[in-house]
Amino acid sequence: MPRRCYSAPDSARSSSTEPTPNGSAPPSKTTGASRGRRSSPMRDPYEIGTGEHRAFWADAVADEIESRDPDDPIVIKGGVSPSGVPHIGHFNEIMRGYFVAESLRERGHEVRQVFTSDDKDRLRTLPRKLADLEWNVVGLGEVDAGALGRNLGKPYTDVPDPFGCCDSYGAHFTELLRRAAAAVDVPIEVVSNTQSYADGEFDAAVEHVLENREQATTVLSEFQAGVDDDYVPFFPQCSNCGNLAEEVIAIDLDAGTVDYVCADVDTGDGTIEGCGHEGTATFRDGKLPWRFEWVAQWQFLGVDFEPFGKDHAEGSWPSGERIAREVFGFEPPVPMVYEWFTLNGEALSSSAGNIITVAEVLELIEVEVFRYFFTKNPKKQRDFDVSSLDRLVDEFDRVEAIHYGEVDADEIERERIDRSYPMVVDELSDRRPVRIPYSFAAVLGMTDDRQLQVAMATRSGHLPEDATDAEIDAALERIAHARAWAERTDNEFNYRLAETLPDVEFDEETEAALDALADYAESEAPDADSLQGEIYETARRHDLPVGELFEAGYRLFLEETEGPRLGPFLAALEAEFVLDRLRREA
RNA sequence: GGGCCGAUAGCUCAGCCAGGGAGAGCGUCUGGCUCUUAACCAGACGGUCGGGGGUUCAAAUCCCCCUCGGCCCGCCA
């Protein structure tokens with residue numbers, strides 16, 4: 001008979017949380033659940049390093065990993081369920097590990113950065129947004145949502161790809177993650193959990209957990225309320241419908257099989273119906289509950305360091321730590337908690353659709369700026385604010401200038417930058433890359449005329465006279481990003497040079513002034529400053545408020561009422577174009 | 001209700017683990033550039049270090065209480 005594994009708070013859990021009668025003081029900051037244990041002291045995952053001061057957090061983590069004297073290659077792991085569109089929140093999992101890996105590599109270690117796709121997890125809910133392999137984000141309604149809905153309860157790798165391009169739903173979103181990592185040029189080895197089960201990597205762990213089922217469930221029950229004596233830490237996959245079942249009725253350790261009933265599964269906010277099939281599954285035809293699976297991954301991958309989000313700091317980590325030591329008998333990896341990001345001040349949420357993909361971010365900023373964002377203290381909650389990306393880029397430019405000794409900084413900041421900056425850029429050049437300030441790059445985005453862009457940037461002093469063509473090309477790449485940003489946020493930099501004569505009308509005085517200005521420009525071929533001065537003079541001679549003449553210029557050239565300093569701006573444009581436009585002829 | 005992380009200038013943050021000078025960038029303001037106009041230069045203004053208490057010769061930093069934001073304490077991962 002199908003039966004739910006509901007239970008009242010059970011004895012194991014309540015006894016474990018009883019305070020010690022004499023109220024002896026706990027040794028240090030630990031969670032309540034971890035108190036009173038005699039094995040290795042519980043590790044506060046918020047504490048980083050060995051105590052030696054480090055300006056860059058990744059070095060502190062690397063210190064601690066090294067202090068354990070690990071064998072090479074050192075293994076750094078992260079992982080996610082391929083449940084939907086990967087977004088920048090997922091990149092904590094990759095980038096935090098990356099900086100630690102780089103720190104260790106500099107110390108001469110060989111490092112593998114492994115990323116598990118937990119793709120044998122069940123599809124529990126349908127995401128609101130999906131994306132094809134080109135990062136085009138679409139709503140659930142634009143794919144066959146019904147087909148997806150019929151697959152609730154199956155592992156991601158057994159759910160058909162809604163876009164039809166990959167082997168499965170899981171493979172599709174794992175591929176997107178792989179592409180995102182490649183786009184930020186972080187070398188990760190993606191490991192599919194489904195594949196690992198198929199390859200027998202989990203065999204020993206499943207067998208061990210089932211052999212030591214009482215001990216395993218006792219430890220887990222201290223952290224999860226629904227775990228009681230009937231709990232079986234293995235979810236067999238139904239051979240009839242493909243759902244992951246939870247109702248194990250017999251375990252045969254010698255044969256390496258479990259008998260199960262494909263009963264309904266409660267997902268918290270709903271029920272996934274089982275087909276009622278009764279069958280037998282091997283240890284590869286199913287999966288461990290995630291809490292055990294996580295620890296099993298540490299063991300068979302030999303993981304030395306694992307960063308995780310703050311949601312795992314208090315339940316998952318302590319349970320994993322204890323399961324590793326007490327159930328499997330090995331030391332868990334060095335942990336590290338990272339705080340979550342918000343996006344434009346709101347929680348990142350796949351289900352609510354408040355996400356930004358890495359592909360979108362890389363349209364707006366250069367990849368090194370994106371990497372730089374992750375060098376900041378992981379313990380602090382941070383907002384990824386698209387409207388303020390100019391500030392992030394300015395900050396990066398300053399960091400870069402400090403690295404090249406062109407801007408002063410105090411000792412700590414200098415050390416942090418000397419350590420982190422080389423990990424942020426593709427390769428260190430001998431001299432500081434030429435950078436156009438981001439907001440000015442947005443201004444240059446008013447035109448696609450490269451010569452005009454170069455002229456304006458040079459005149460403003462952002463392209464040094466001795467810059468090579470390659471340096472100029474590299475610097476100009478920022479323009480497309482900044483232009484995309486101006487368009488996306490529709491901010492004050494979102495204007496374009498009017499290619500054709502805008503539909504504008506002026507009064508007689510203004511028309512006369514514009515004509516006079518054109519004549520002056522034609523006969524004098526003035527430089528920026530002279531032209532700027534002449535605008536004032538012309539306005540005075542025609543008895544116009546200077547503001548009106550400036551506005552007329554902005555309307556003619558930008559279809560705006562305000563704009564950049566007009567003299568330098570017009571001086572940088574092609575002379576004939578300026579004359580025709582001032583005369584309202586083209 | 002209990003626990004954990006965070007709060008420092010208008011904004012973004014460093015400094016806190018090893019107590020002694022409150023800092024940076026941006027913004028703002030003022031001045032300069034033949035000049036009210038988004039790019040340049042110089043200077044200035046700006047903070048009860050979330051609030052309160054304690055330890056100390058000395059607290060942004062250590063301890064306790066409180067406020068606010070986030071997370072965990074169901075299931076799942």
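Chain identifiers are assigned alphabetically (A, B, ...) following the order of the sequence lines, protein sequences preceding nucleic acid strands; residue numbering begins at 1 within each chain.
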Phosphate OP1/OP2 of [N] contacted by [X] side-chain N/O (<4.0 Å):
X        : N     : answer
A:Arg382 : B:A14 : yes
A:Arg416 : B:G15 : yes
A:Tyr536 : B:U37 : yes
A:Lys310 : B:G6  : no

- Item | Expected output: side-chain A:Ser530 to main-chain A:Pro526 donor-acceptor under 3.5 Å | no
Looking for any heavy atom pair under 4.0 Å, which part of the strands does [X] touch: base, sugar-phosphate only, or nothing?
X        : result
A:Gly533 : nothing
A:Asp394 : nothing
A:Asn377 : sugar-phosphate
A:Trp340 : sugar-phosphate
A:Phe550 : base
A:Val337 : nothing
A:Lys120 : nothing

Of all the nucleotides listed ([options]), which has the minimum atom distance to the side chain of [X]?
X        : options            : value
A:Tyr46  : B:A7, B:C5, B:G25  : B:C5
A:Glu314 : B:G6, B:A77, B:C4  : B:C4
A:Val546 : B:A38, B:U36, B:U8 : B:U36

Going by atom types only, do [X] and [Y] share a side-chain donor-acceptor pair under 3.5 Å?
X        : Y        : result
A:Thr174 : A:Ser117 : yes
A:Tyr495 : A:Glu559 : no
A:Glu339 : A:Asn92  : no

Atom [atom1] of [X] and atom [atom2] of [N]: how far apart are they, to the nearest Å?
X        : N     : atom1 : atom2 : answer
A:Leu244 : B:C75 : CG    : C1'   : 15 Å
A:Gln381 : B:C71 : CD    : P     : 8 Å
A:Tyr554 : B:A38 : OH    : C1'   : 8 Å
A:Leu123 : B:C76 : CG    : P     : 16 Å
A:Asp311 : B:G70 : CG    : P     : 15 Å
A:Lys379 : B:G15 : NZ    : C1'   : 14 Å
A:Glu492 : B:U37 : CD    : C1'   : 13 Å
A:Phe308 : B:C72 : CZ    : P     : 14 Å

Base partner of [N], which must satisfy Watson-Crick or wobble distances under 3.5 Å:
N     : answer
B:A39 : none
B:A44 : B:U28
B:C4  : B:G70

Nearest-Å distance once atom [atom1] is located in both [N] and [M]:
N     : M     : atom1 : answer
B:G54 : B:C11 : P     : 30 Å
B:A24 : B:G15 : P     : 15 Å
B:G53 : B:U67 : C1'   : 15 Å
B:A9  : B:A44 : C1'   : 14 Å
B:G46 : B:A38 : C1'   : 24 Å
B:C45 : B:C63 : C1'   : 37 Å
B:G6  : B:C49 : C1'   : 14 Å
B:C66 : B:A77 : P     : 36 Å

- B:A39 pyrimidine/purine six-ring stacking with A:Phe440, under 5.5 Å and 30°: yes
- Query: Is there a donor and acceptor pair, one atom on the side chain of A:Arg124 and one on the base of B:C75, closer than 3.5 Å?
  - Reply: yes
- Message: Measuring only between side-chain heavy atoms, which start at C-beta, is A:Arg122 closer than 4.5 Å to A:Val265?
- Response: yes
- Query: Is A:Trp57 close to A:Met336 at the side-chain level, that is, under 4.5 Å between some pair of heavy atoms?
  - Reply: yes
- Task: With RNA chain B as reference, determine whether A:Tyr495 or A:Arg391 sits nearer its 5' end, using the nearest nucleotide of each.
- Result: A:Arg391
- Walking RNA chain B from its 5' end, the first of A:Ser316 and A:Glu413 to be reached, judged by nearest nucleotide, is A:Glu413
- How far apart are the C-alpha atoms of A:Phe223 and A:Trp317, what are their side-chain angles, what is the distance that settles it, and do they pass the ring-ring contact (aromatic ring centres under 6.0 Å, His included) test? CA-CA 10 Å; A:Phe223 300 93; A:Trp317 167 253; over 10 Å; no
- Query: Counting only heavy atoms not in A:Glu492, do more than 12 fall under 6.0 Å of its CD?
  - Reply: yes
